[in-house]
Amino acid sequence: MSANAELVNENKAMTINTSTGPIETSIKHFPFKAPRFIHSGTGGAAAGKKNRTWKNLKQILSSERTLPWQLNDPNYFSIDALTSFKPVKKYSDISGLPANYTDPQSKLRFSTTEEFAYIRMLPSDVILGYLTLRKATNVVT
């Protein structure tokens with residue numbers, strides 16, 4: 001028997017050195033990783049299995065475009081996320097800084113008193129342009 005022996009438990013690995021005694025080290029387990037997962041690209045040829053190539057998202061999307069999909073079939077293009085429970089952040093239409101205030105006349109958002117004074121001096125067509133950029137108005141063209 002060698003001077004160093006190693007015992008592996010479910011959560012701990014114990015190295016036994018005859019000169020110093022047992023030393024415990026913990027094994028790191030990741031909760032998101034399946035413990036029995038083996039990547040098919042590694043070691044498959046030695047076991048007689050065909051090596052599988054993994055596709056990235058761009059390859060999957062291009063292969064899905066060529067398939068004859070119906071309109072209601074789910075695919076990577078039709079994936080929608082749920083709405084967020086957090087409130088939408090509001091930014092100033094003038095500076096882009098986080099805005100805590102809205103002008104009641106023009107409905108433009110602002111963050112400082114200087115921006116408020118600037119908004120009050122703007123002509124109505126410029127205000128309409130800012131609201132159009134924010135998609136906050138219904139402009140018929």
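Atom set for the values below is all heavy atoms of this structure, side chains included, hydrogens, waters and symmetry mates excluded. One is the number of the first residue; the rest follow in order along the sequence. None of the values given here were measured: they were computed from a predicted structure.
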For this session: Give me the one residue out of Lys135, Arg134, Lys107 that meets salt bridge (Lys or Arg N to Asp or Glu O under 4.0 Å) with Asp93.
Result: Arg134
For this session: Mind checking the CG-CZ spacing from Asn100 to Phe110? Nearest 0.5 Å is all I need.
Result: 9.5 Å
Exercise. Mind checking what makes ring-ring contact (aromatic ring centres under 6.0 Å, His included) contact with Tyr91, not counting sequence neighbours?
Worked result: none
Exercise. For atom OH of Tyr130, is the number of surrounding heavy atoms from other residues, nucleotides or ligands below 6.0 Å larger than 12?
Worked result: yes
Problem set entry | Heavy-atom pair of closest approach, residues Pro98 and Ser111 | O-CB, 3.3 Å
Let me check something: any side-chain donor-acceptor pairs from residues 116-128 under 3.5 Å, sequence neighbours excluded? List them with distances.
{"residue": "Arg120", "atom": "NE", "partner": "Asp103", "partner atom": "OD1", "Å": "3.3"}
{"residue": "Arg120", "atom": "NH2", "partner": "Asp103", "partner atom": "OD1", "Å": "2.9"}

For this session: Taking all heavy atoms of Ser95 and all of Ser92, pick out the closest pair and write down the distance.
Result: N-OG, 3.3 Å
